[in-house]
Every structure is written in structure tokens, then in C-alpha cells.
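Written below as C-alpha cells is the structure these notes are about.
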Amino acid sequence: MESRFRAGCFYCEHNVTQQERMLPIVTFDTSTVFFNRDQTHPGRLIVALNWHVDELFELTSQQRSQFTNEVALTAQVIKDHFHASKINYGIYGDTVSHLHFHLVPKMPGDSDWDDAFVNNPENPLYLSDEKNEALIKELRAELEGLYETIRN
């Protein structure tokens with residue numbers, strides 16, 4: 001049987017590179033939600049598929065539906081929690097091909113409002129470990145609560 005994971009992929013290996021960039025919040029049926037350490041846009045999260053594929057079309061219809069439902073649920077939570085005007089959804093994969101969404105809350109006053117968010121800004125904003133932990137705890141409770149509601 002072919003492996004569902006790819007060697008060298010930090011989403012599959014959960015390696016040091018991944019830990020330097022993001023912190024896990026919660027694992028759902030098809031995805032894991034990560035807190036992006038760069039909080040230039042407060043509430044920026046990543047939703048990554050729990051196994052390796054490169055493209056959205058590689059999922060079955062049922063898997064794609066479940067995955068995008070989990071992305072939508074996560075977007076709803078961060079839009080409400082951070083009072084965002086809009087969520088930007090980014091799927092890239094040029095250097096990290098593992099299927100994942102960047103969810104980036106945006107406000108009209110943001111310097112990049114009316115433009116795509118910058119994935120790797122010149123001066124990223126990093127919060128303290130304590131602030132990261134507090135936000136992760138709040139977001140985990142909200143995500144788990146809403147997930148249980150839609151599953152029932």
C-alpha cells in the first residue's frame with residue numbers, strides 16, 4: 001500500500017521547520033489547524049490536510065467536501081474572534097506542496113487591504129510565547145465547540 005505521507009514534507013513529518021513556523025491548535029477528521037507564528041495579520045491560521053496530496057483535485061468528492069467544510073469552519077471562527085472584515089484564502093504550494101490553506105483575516109485599515117496578503121513579510125510580527133498560548137487556547141475552544149455543533 002502506498003504511504004499517505006511524503007518524506008521531506010514538514011506537514012507530514014511534523015519536523016523542526018514546521019515547529020519554527022507554526023503551532024498546532026486542533027486536529028479535525030481531515031485537517032489540522034495551525035497557528036502561524038507570524039501574526040502580522042492577527043489571527044492568521046493554516047489548515048493543512050492530515051495526509052499528503054499536492055492538489056485539491058486529488059481528493060475524492062467526499063474528502064474535498066469535508067476538508068473545505070473544516071476550512072470554512074476555521075475561517076468563521078477567526079472572522080468572528082478577530083472581528084475581521086474579510087478572510088483571504090491562500091493556496092500556494094510552490095515550495096511546500098502539501099495541500100493547505102492560509103487563512104488571513106483582513107481589515108480595511110490594513111496596509112495591504114485591497115491587495116493579496118504578503119506570505120513572507122519583511123518585518124513579521126511575532127508574539128510572546130504566553131500570548132501565542134493564550135490565543136491558541138481560546139481558538140481551540142471555539143473551534144472544537146463549533147466542530148462538535150456541526151458534527152451533531
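We use all heavy atoms of the structure for the numbers below, so side chains are in, but hydrogens, waters and symmetry mates are not.
Side chains of Ser31 and Glu70: a donor-acceptor N/O pair is present below 3.5 angstrom, by distance only.
Among residue pairs with one or both ends in residues 91-108, those qualifying as side-chain hydrogen bond (donor to acceptor under 3.5 Å, both in side chains) are Arg6-Ser97, Arg44-His102, His52-His98, Asp54-Ser97, Asn88-Lys106, His100-His102; sequence neighbours excluded. Under the ring pair (Phe, Tyr, Trp, His ring centres under 6.0 Å) criterion, the residue pairs touching residues 54-88 are Phe67-Phe101, with sequence neighbours excluded.
Looking at Gln19, its side chain does come within 3.5 Å of a backbone N or O of His14 through a donor-acceptor pair. Thr149 places a side-chain N or O within 3.5 Å of a backbone atom of Gly145 that can act as its donor or acceptor partner.
Distance CG/Leu59 to CD/Gln66: 11.0 Å, rounded to 0.5 Å. The distance from atom CG of Asp29 to atom CD of Gln63, rounded to the nearest 0.5 Å, is 11.5 Å. Of the inter-residue distances, the one linking Thr68 atom OG1 with Leu56 atom CG reads 7.5 Å to the nearest 0.5 angstrom. Note that CD1 of Ile25 is 6.5 Å distant from CG of Leu143, once rounded to the nearest 0.5 Å. The structure places CG of Asn50 at 3.5 Å from OG1 of Thr32, a figure rounded to the nearest 0.5 Å. Remark: Ile78 CD1 to Leu103 CG distance equals 4.5 Å, nearest 0.5 Å.
Applying the under-4.5 Å side-chain rule to Ile, Leu, Val, Met, Phe, Trp and Tyr, the cluster around Val118 consists of that residue alone. Grouped with Phe34 in one hydrophobic cluster are Phe10, Tyr11, Met22, Ile46, Val96, the linkage being side-chain heavy-atom contacts under 4.5 Å among Ile, Leu, Val, Met, Phe, Trp and Tyr residues.
For the ring pair (Phe, Tyr, Trp, His ring centres under 6.0 Å) test, residues two or more places apart in sequence or in another chain that qualify with Phe28 are Tyr147.
Between Pro42 and Thr40, the closest heavy-atom pair is CD-O, 3.5 Å. Considering every non-hydrogen atom in both Asn119 and Asp38, the closest pair reads O-OD2, 4.4 Å. Of all the heavy atoms in Thr74 and Val33, the pair that sits closest is OG1-CG2, 3.6 Å.
Within the 4.5 Å cutoff, the side chain of Met107 has heavy atoms near those of the Asp110 side chain. Within the 4.5 Å cutoff, no side-chain heavy atoms of Gln76 are placed close to those of Leu73. Inter-residue side-chain proximity for Pro105 and Ile87 is flagged as met; some heavy-atom pair is nearer than 4.5 Å.
Residues Leu45 and Leu99 are members of one and the same hydrophobic cluster, defined by side-chain heavy-atom contacts under 4.5 angstrom among Ile, Leu, Val, Met, Phe, Trp and Tyr. There is no path of hydrophobic side-chain contacts, each under 4.5 Å, that joins Val71 to Phe117. Residues Val104 and Tyr89 do not share a hydrophobic cluster, clusters being chains of Ile/Leu/Val/Met/Phe/Trp/Tyr side chains in contact below 4.5 Å.
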Would you mind writing out the side-chain donor-acceptor pairs for residues 120-130 within the sub-3.5 Å range, not counting sequence neighbours?
residue	atom	partner	partner atom	Å
Ser128	OG	Lys131	N	3.1

